[in-house]
Amino acid sequence: MSKSITERATTAKAPALPADVAAAVTAAAGKKAEHLVVLDLRKAAGFTDYFVICTGQNPRQIRAIADAVEETLGHMGVKPAHIEGYERAEWILLDYFDFIVHVFSAETRTFYALERLWGSATTVDLHDVAAADPARR
């Protein structure tokens, strides 16, 4: 019998997320991104260190989430190497080399199921990120 996603993926308590990944999470949350997840791919032989995955309710919100992430990181001097999917806004991918931000529609996220595909990755506990965000205090 195969293990479920929750049995395979563990929740990482430490170390803390890199500042740019945490800023991307905070920016997405600020635009009401749903089902926000960070996967730590460093031990999963991934081509990047982290995936930030979230869902928007419609194309306008999906673009707003991607714009907020790009703007927030831009203020930190971090620019994406590549952006895909902005026009259709069903899956916007922001590639920052060390991490990739995926902003999905609900249907597209279910179809591609990145959390299942990368089941050997560690799911990062985002409670510490929310607690460190001064806007949430």
Side-chain angles (χ1 to χ4, degrees):
M1 211 185 255
S2 67
K3 293 183 178 182
S4 71
I5 294 169
T6 55
E7 289 172 322
R8 286 184 289 171
T10 57
T11 302
K13 294 285 184 187
L17 283 175
D20 46 3
V21 177
V25 168
T26 301
K31 291 297 179 181
K32 308 290 188 224
E34 298 176 347
H35 310 292
L36 194 51
V37 173
V38 174
L39 299 181
D40 183 341
L41 301 169
R42 293 175 296 172
K43 293 181 182 176
F47 50 90
T48 189
D49 292 343
Y50 297 94
F51 275 174
V52 177
I53 304 170
C54 63
T55 304
Q57 293 183 6
N58 55 56
R60 179 176 283 178
Q61 184 188 22
I62 292 167
R63 285 188 195 101
I65 294 166
D67 290 345
V69 169
E70 189 175 4
E71 181 179 341
T72 298
L73 293 176
H75 289 306
M76 296 171 65
V78 181
K79 304 285 186 200
H82 188 69
I83 299 172
E84 287 187 34
Y86 193 85
E87 290 303 315
R88 291 197 56 197
E90 290 184 25
W91 177 3
I92 298 177
L93 180 145
L94 303 165
D95 184 349
Y96 289 93
F97 286 121
D98 292 338
F99 66 100
I100 297 174
V101 178
H102 300 272
V103 187
F104 285 104
S105 68
E107 299 81 18
T108 305
R109 184 170 181 175
T110 299
F111 181 80
Y112 286 101
L114 293 184
E115 292 97 327
R116 187 180 72 232
L117 182 64
W118 290 92
S120 61
T122 303
T123 303
V124 177
D125 183 357
L126 296 179
H127 290 96
D128 294 336
V129 175
D133 180 12
R136 293 186 178 245
R137 289 185 185 159

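Note that the structure is a prediction, hence the values are computed from the model and not measured.
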Problem set entry | Exercise: identify the closest heavy-atom pair between Ile92 and Gly85 | CG1-O, 3.6 Å

Problem set entry | Phe99 side chain reached by Asp49 side chain, heavy atoms, under 4.5 Å | no

Exercise. Which residues satisfy the side chain to side chain donor-acceptor pair (under 3.5 Å) test with Ser105, sequence neighbours excluded?
Worked result: Thr108

For this session: Just grab all the salt bridge (Lys or Arg N to Asp or Glu O under 4.0 Å) pairs involving residues 101-110, residues at least two apart or on different chains.
Result: Arg109-Glu115

Exercise. Linking I/L/V/M/F/W/Y whenever their side-chain heavy atoms sit closer than 4.5 Å, directly or via other members, would Phe111 and Val103 fall into one cluster?
Worked result: no

Exercise. According to a 4.5 Å side-chain heavy-atom criterion applied to Ile, Leu, Val, Met, Phe, Trp and Tyr, with indirect links allowed, do Trp118 and Phe104 form part of one hydrophobic cluster?
Worked result: yes

Exercise. Would you say Leu36 and Val52 make side-chain contact, with heavy atoms under 4.5 Å?
Worked result: yes

Seminar exercise, completed: Looking only at heavy atoms, the pair that brings Ala23 and Leu73 closest together is CB-CD2, 3.9 Å

Exercise. Tell me, do Thr72 and Thr26 make a side-chain contact under 4.5 Å, heavy atoms counted?
Worked result: no

Problem set entry | Common cluster, Ile62/Leu94, ILVMFWY with side-chain heavy-atom separation under 4.5 Å | yes

Exercise. What pair of heavy atoms forms the shortest contact from Ala24 to Val101, and how long is it?
Worked result: CB-CG2, 4.2 Å

Exercise. Is Val124 linked to Val37 within one hydrophobic cluster, defined over Ile, Leu, Val, Met, Phe, Trp and Tyr using a side-chain heavy-atom separation of less than 4.5 Å?
Worked result: no

Exercise. For the residue pair Ala68 and Ala27, what are the closest heavy atoms and their distance?
Worked result: O-CB, 3.7 Å

Seminar exercise, completed: Here the gap from Arg42 atom CZ to Thr48 atom OG1, rounded to the nearest 0.5 Å, amounts to 11.0 Å

Exercise. Side-chain contact, heavy-atom cut-off 4.5 Å: Thr123 with Leu39?
Worked result: yes

For this session: Just grab all the salt bridge (Lys or Arg N to Asp or Glu O under 4.0 Å) pairs involving residues 84-103, residues at least two apart or on different chains.
Result: Arg88-Glu90

Problem set entry | From His82, Lys79, Glu70, residue fulfilling side-chain contact (heavy atoms from CB on, under 4.5 Å) relative to Tyr96 | Glu70

Exercise. Does any pair with a residue in residues 58-67 pass side-chain hydrogen bond (donor to acceptor under 3.5 Å, both in side chains), and if so which ones, sequence neighbours excluded?
Worked result: Asp67-Tyr86

For this session: Test Leu17 against Leu126 for side-chain contact (heavy atoms from CB on, under 4.5 Å), laying out the working first.
Result: CA-CA 9 Å; Leu17 283 175; Leu126 296 179; 4.1 Å; yes

For this session: Could you list who else is in Phe97's hydrophobic cluster, with ILVMFWY side chains joined at under 4.5 Å, directly or through other members?
Result: none

Exercise. Same cluster for Ile53 and Leu41 if Ile/Leu/Val/Met/Phe/Trp/Tyr side chains link at under 4.5 Å?
Worked result: yes

Exercise. Any side-chain heavy atom of Tyr112 within less than 4.5 Å of one from Leu117?
Worked result: no

For this session: Kindly give the heavy-atom pair with the smallest separation between Ala64 and Lys31, and that separation in Å.
Result: O-CG, 3.8 Å

Exercise. For Ala33, which residues count as a side-chain contact (heavy atoms from CB on, under 4.5 Å) partner, sequence neighbours excluded?
Worked result: Ala28, Cys54, Ile65

For this session: Please list, chain by chain and in numerical order, all residues satisfying side chain to side chain donor-acceptor pair (under 3.5 Å) with Trp91, sequence neighbours excluded.
Result: His102

